[in-house]
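From a predicted model like this one, the values you see are computed outputs, not experimental measurements.
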Amino acid sequence: MTTVPDVSAASITPVVVRLKLSLLRNGLRQSGGRRAAYIVSVVVALLVAALQLLGLIALRGNAHAAAVSLPLVAVLALGWAVMPLFFPSGDETLDPTRLVMLPLRPQPLVRALLVASLVGVGPLFTLCLLTGSVISVAYGATAWVTAVVGVVLALLVCVALARAVAAANIRLLSSRKGRDLAVLSGLVVAVGAQLVNFGAQRLGSSGGLSALDPAADVLRWVPPASAIGAVDSASEGSYGSAVVQLALCGAALAGLLALWSRHLTRLMTSPDGSTLQAAEPAARERGSSGLGRLLPAGRTGTVMERSLRYVWRDPKTKAAWVTSLAIGLIVPVFNALQGTGSAYFACFAAGMLGIQMYNQFGQDTSAFWIVAMTISSTRDAYVELRGRALALLLITLPYATLVSVLTTALLGAWRQLPEVLGLSFALLGAMLATGAWSSARFPYSIPQEGYKNVAPGQAGLAWIAIFGGMVSAALLSAPVIALTIWLNVSADGDRWSWLLLPLGALYGALITLLGLRLAAPRTARRLPEILAAVSKG
């Protein structure tokens with residue numbers, strides 16, 4: 001009987017490293033544009049790393065150097081954790097399922113992949129920041145010895161963290177739908193920019209870097225920032241604390257490697273969906289979902305359920321909704337936390353979600369022909385538009401109310417809550433009305449693949465539909481806005497300001513119904529044109 005020889009880590013590691021280099025080299029050979037983009041990204045990354053390194057070295061001798069270095073390393077580790085989820089195709093060796101047919105054991109493979117992971121721009125960028133961090137806090141021979149160990153441990157923790165996260169989610173990341181979820185990286189950038197802006201303003205208003213001291217006191221015990229905390233402790237003569245902090249980082253590394261190995265074992269020994277019988281799920285009788293039983297009967301409920309399923313399942317639609325939900329909350333709440341906002345900023349939430357009513361048929365893409373086959377009259381078009389608007393309201397009304405209450409609570413402006421809610425409901429109604437009309441008049445296609453949200457040649461339609469509709473919605477909301485201004489400048493306005501809530505809600509409902517009524521006949525007449533527009537590209 002022939003046995004498969006055990007392959008040691010010493011023989012695997014050079015092969016995997018050469019594989020990583022070959023994949024990189026062959027990828028760059030595909031096109032000159034790809035080579036240029038890679039070179040530019042490398043130059044920019046190294047330039048940023050060099051500037052960060054010089055900035056951290058300049059902090060040496062500052063009393064709050066550790067307060068900057070520790071949060072920086074923690075944010076760096078967070079970046080390593082989330083980047084594989086948004087850019088799964090950035091490194092082909094992140095997918096261990098490509099190696100499942102080879103006679104490899106998990107433990108040697110983990111060590112080999114860990115070494116191969118150290119090859120690249122990302123590890124070099126991280127090494128520069130870690131080096132600058134320890135330089136800013138290291139004083140004395142013991143601290144420098146601790147710094148060498150700490151930098152190695154912190155770097156390995158970052159890399160192992162990325163690998164463990166990628167291995168745990170590789171079934172999702174290697175699928176088409178999982179790759180489409182990378183569209184959500186725009187949300188991370190938007191939210192991250194707001195957090196950085198908020199943090200910078202808080203630092204400026206609180207008197208400098210001392211505001212980071214409380215966070216640094218916690219992070220010095222959290223790996224991999226604890227490795228930098230160990231260097232700072234050794235510089236201060238707290239050798240016991242330094243040993244404990246290094247031990248925490250080492251324990252985190254061991255735990256991540258064990259987790260990574262466990263997921264590798266599961267991936268290389270358990271069957272995936274392609275090898276399992278699909279008959280059983282297909283044979284199960286599919287009844288109406290729990291959500292469907294709560295919605296109205298007939299076409300209205302069907303349209304609502306379909307729209308809500310798009311929000312939950314379609315990557316492009318989900319990305320648009322999640323981004324609107326996040327930004328609609330961040331802008332008013334962050335301004336309220338800074339003490340510079342206004343309660344009326346809460347209307348931003350209704351405005352962000354109202355945009356989702358625009359280009360309703362474009363969200364269906366080429367599948368809109370199925371919907372078009374069911375529309376044979378103005379009544380059918382009206383019920384279709386009404387169902388889509390009700391699905392949007394099912395999310396938007398409670399969300400706008402929540403943001404309004406939270407914003408006024410943070411500002412202590414409870415008296416303005418009825419005004420804010422009235423304005424939000426009136427604005428939402430105006431956007432639903434103009435969105436329904438704009439969907440029929442200026443439809444455009446949304447490509448399913450890639451990051452583009454408008455098909456080539458239709459950018460003008462998108463600008464007209466969205467910005468023209470927003471301007472029209474603002475004009476339609478003018479009566480409620482004027483009434484709000486009049487009550488605020490009137491001597492007896494405080495007594496009657498509560499009326500803005502029912503008046504705004506009633507006005508929003510009426511303007512929505514009017515918009516749907518006007519858009520329905522246009523939709524019924526222009527079905528062929530709408531189908532051609534949304535199917536393009």
Side-chain angles (χ1 to χ4, degrees), residues 194 197 201 324-325 327-358 389 392-393 395-438 464-519:
Q194 290 291 336
N197 179 49
Q201 292 189 11
S324 296
L325 288 168
I327 301 302
L329 177 67
I330 287 173
V331 170
V333 170
F334 274 35
N335 279 279
L337 289 173
Q338 295 172 29
T340 59
S342 167
Y344 297 107
F345 279 16
C347 298
F348 194 79
M352 286 298 298
L353 293 190
I355 295 176
Q356 303 306 318
M357 188 63 187
Y358 294 86
L392 190 146
L393 286 172
I395 301 174
T396 305
L397 282 178
Y399 175 79
T401 303
L402 175 64
V403 173
S404 299
V405 171
L406 183 59
T407 304
T408 52
L410 291 173
L411 293 172
W414 290 107
R415 185 191 64 80
Q416 293 179 305
L417 181 59
E419 304 175 17
V420 173
L421 286 173
L423 279 174
S424 295
F425 295 156
L427 177 61
L428 180 59
M431 297 195 76
L432 291 177
T434 56
W437 188 87
S438 178
I464 294 174
I466 296 176
F467 289 97
M470 291 173 65
V471 172
S472 300
L475 294 175
L476 288 175
S477 305
V480 180
I481 295 175
L483 180 59
T484 303
I485 296 174
W486 181 77
L487 288 176
N488 275 274
V489 299
S490 175
D492 296 332
D494 290 343
R495 294 175 51 192
W496 305 103
S497 60
W498 63 271
L499 287 173
L500 283 170
L501 176 54
L503 289 176
L506 179 61
Y507 182 82
L510 293 176
I511 204 70
T512 299
L513 291 174
L514 179 61
L516 296 177
R517 292 287 183 186
L518 293 177

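Using a distance-only test at 3.5 Å, with no hydrogens or angles considered, a donor-acceptor pair links the side chain of Y399 to the main chain of L325.
In terms of heavy atoms, A473 sits closest to M431 at CB-CG, 3.7 Å. I327 and F348 get closest at one heavy-atom pair: CG2-CE2, 3.8 Å. Minimum interatomic distance between A433 and I511 (heavy atoms only, all atoms of both residues): CB-O, 3.2 Å. Contact record, L329 with P332: O-CD, 3.4 Å, taken as the closest heavy-atom pair. Considering every non-hydrogen atom in both L423 and C347, the closest pair reads CB-SG, 3.7 Å. Taking all atoms of both residues into account, the shortest heavy-atom contact from V420 to A346 is CG1-CB, 3.7 Å.
Of the options L421, L417, V403, a side chain to side chain contact (heavy atoms under 4.5 Å, CB included) to T408 is made by L417 and by none of the others.
For the atom pair F425 CZ and T401 OG1, the distance stands at 3.5 Å (nearest 0.5 Å). Atom CE of M352 and atom CD1 of I330 lie 10.0 Å apart (nearest 0.5 Å). Interatomic distance, CG of L353 versus CG of L397, reported as 10.0 Å (0.5 Å rounding).
No side-chain donor from either of S477 and Y507 sits under 3.5 Å from a side-chain acceptor of the other.
Contact annotation: the side chain of E419 approaches that of N488 to within less than 4.5 Å [non-hydrogen atoms, C-beta and beyond]. L432 places none of its side-chain heavy atoms less than 4.5 Å from the side chain of T396. Using a 4.5 Å heavy-atom cutoff, the side chains of L500 and P418 are not in contact. Residues L392 and L428 are in side-chain contact: their nearest non-hydrogen atoms beyond the backbone lie under 4.5 Å apart.
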Checking side chain to side chain contact (heavy atoms under 4.5 Å, CB included) for the pair T434/L476: CA distance, chi angles, key distance, verdict? CA-CA 9 Å; T434 56; L476 288 175; 3.6 Å; yes
